[in-house]
Amino acid sequence: MRIVLTGAGGYIGLHTLRELLEARHQVTAVVRSSGKLGPFARHPRLTICEIDLEDAVRIAEVMPGHDVCVHGALIWGDPGDELKLRDTSVAAKLFEAAGDAGLTRCIYLSSVAVHRPFSGEMSEDDGLSATDLYGATKAAGELFLRAACAGRRMTGVVVRPGPVVGPPAFAEASFRSDDRIAAMVVAAKEGRPLEAARDDGRQFSDVRAVAKVIRVLATAESPHATYICVDRDVIAWERVARLVVASLNSRSEVRVSARETQSPVPRFRTERVDHLIGGSSSAEGALLAHIRYLARIAET
């Protein structure tokens with residue numbers, strides 16, 4: 001299978017690249033700089049294209065001869081309309097280029113942010129919604145994917161992770177963290193108290209599980225249109241805070257308060273993705289590795 005991967009030099013992208021190469025696919029990595037690919041840059045089944053994703057002509061030239069496109073890049077611009085306009089435009093043109101070139105499948109890395117405001121129980125069958133620019137941008141990308149597939153022989157598949165946790169793909173590789181986890185690590189390093197509401201939490205996404213889902217979807221027969229890719233279990237923010245304190249050997253106090261609302265903790269159903277990969281994944285080990293990496297960064 002010949003696969004185009006955008007965002008290959010990013011946090012999720014590098015884990016995805018490893019999965020695809022280990023599955024013996026031929027991968028064309030679209031990156032701004034090959035330096036971000038680290039040890040993968042020398043892989044014999046990897047072709048590197050250093051291209052600005054906003055160069056629609058060059059992107060269209062890359063697509064022919066491939067079977068699948070995985071769009072994992074995000075165009076970060078200035079606050080306000082710049083992000084919305086640039087990222088949405090890139091996604092729309094890329095999806096059209098993939099369809100015009102005869103690719104049979106396009107996988108888009110979206111986000112559970114398209115479900116905000118979160119409710120008690122959510123699934124892939126819920127309609128798109130958004131309460132912030134990031135969620136709106138991802139929702140727009142999903143709609144442009146559907147439009148690009150209409151009238152073409154290309155299948156569009158959307159993957160929606162939650163807060164992604166886990167270590168980087170290799171030393172010095174790209175890495176991103178949920179702001180709340182990063183803030184807890186800073187507070188623990190400085191000895192300040194960590195705050196958490198009792199029984200409040202999130203379903204996290206193990207970065208390696210997200211990469212595995214993308215790899216499976218590249219060749220899966222008759223996939224669903226959308227997959228929510230999160231751990232089945234909710235991990236309480238109190239648990240996160242205590243893992244942070246323990247990982248940093250911090251003297252910080254974990255202060256637990258009552259939740260402001262008595263409504264159920266929002267939860268995503270995961271039957272669809274669990275069936276795809278043959279069972280549910282646990283994100284707690286990835287969360288601990290994520291925290292330990294943040295702790296090492298904080299110590300340098």
Side-chain angles (χ1 to χ4, degrees), residues 7 10-16 72-74 76 79 83 87 109-118 122 130-139 159-169 173-190 192-211 213-214 228-248 250 252 254-257 259 265-268 270 273 281-299:
Y11 176 39
I12 300 174
L14 286 165
H15 284 275
T16 302
L74 180 66
W76 285 105
L83 167 62
D87 189 75
L109 188 64
S110 183
S111 168
V112 296
V114 302
H115 290 276
R116 293 185 185 275
F118 295 155
M122 295 159 285
T131 58
D132 56 35
L133 186 59
Y134 177 69
T137 301
K138 286 300 187 182
V159 177
R160 297 174 184 160
V164 178
V165 294
S174 296
F175 177 79
R176 292 185 64 186
S177 181
D178 178 86
D179 290 343
R180 185 165 177 180
I181 300 175
M184 284 185 175
V185 169
V186 172
K189 181 177 182 294
E190 296 175 352
R192 293 185 283 110
L194 279 63
E195 309 280 351
R198 183 172 288 104
D199 298 326
D200 187 22
R202 289 293 303 271
Q203 288 162 282
F204 293 93
S205 299
D206 181 342
V207 66
R208 289 163 293 195
V210 176
V213 166
I214 293 171
I228 291 175
C229 186
V230 296
D231 186 2
R232 179 181 61 189
D233 298 323
V234 172
I235 298 178
W237 284 111
E238 178 185 356
R239 173 66 175 161
V240 177
R242 297 195 185 284
L243 287 173
V244 167
V245 169
S247 296
L248 273 77
S250 172
S252 292
V254 176
R255 296 177 179 173
V256 182
S257 58
R259 289 181 65 213
V265 174
R267 179 184 293 271
F268 292 99
T270 62
V273 74
S281 62
S282 173
E284 180 150 338
L287 173 62
L288 182 57
H290 189 92
I291 291 169
R292 286 174 174 168
Y293 183 76
L294 284 170
R296 286 198 297 272
I297 294 174
E299 291 171 357

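We're numbering straight along the sequence, starting at 1.
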Heavy-atom distance under 4.5 Å between the side chains of [X] and [Y], does that happen here?
| X | Y | value |
| --- | --- | --- |
| V185 | L248 | yes |
| L109 | V210 | yes |
| R267 | V234 | yes |
| I228 | V112 | yes |

Nearest heavy-atom pair of [X] and [Y]: which atoms, and what distance?
| X | Y | answer |
| --- | --- | --- |
| A169 | H15 | N-NE2, 3.3 Å |
| S205 | G162 | OG-N, 2.8 Å |
| K138 | S110 | CB-OG, 3.5 Å |
| R116 | R202 | NH2-NH1, 3.9 Å |
| I235 | A283 | CD1-C, 4.3 Å |
| M184 | E195 | CE-O, 4.0 Å |

Electrostatic pair R208-D206, nearest N-O below 4.0 angstrom: yes
Heavy atoms from other residues, nucleotides or ligands near CG of D132 exceed 12 (cutoff 6.0 Å): yes
[X] [atom1] to [Y] [atom2] distance, which is reported to the nearest 0.5 Å:
| X | Y | atom1 | atom2 | result |
| --- | --- | --- | --- | --- |
| S252 | R192 | OG | CZ | 8.0 Å |
| L287 | D231 | CG | CG | 10.0 Å |
| R198 | S257 | CZ | OG | 7.5 Å |
| S282 | R232 | OG | CZ | 9.0 Å |
| T16 | I214 | OG1 | CD1 | 3.5 Å |
| L243 | E284 | CG | CD | 5.5 Å |

Residue pair F268, H115: steps toward the side-chain contact (heavy atoms from CB on, under 4.5 Å) verdict: CA-CA 10 Å; F268 292 99; H115 290 276; 3.7 Å; yes
Candidate pair V230 and T270, rule side-chain contact (heavy atoms from CB on, under 4.5 Å), full reasoning: CA-CA 7 Å; V230 296; T270 62; 3.7 Å; yes
Set of residues satisfying ring-ring contact (aromatic ring centres under 6.0 Å, His included) with respect to F175, sequence neighbours excluded: Y11, H290, Y293
Sequence-distant partners of F204, ring-ring contact (aromatic ring centres under 6.0 Å, His included), two or more places apart: W237
Partners passing side chain to side chain donor-acceptor pair (under 3.5 Å) against E238 (at least two apart in sequence or in another chain): R242
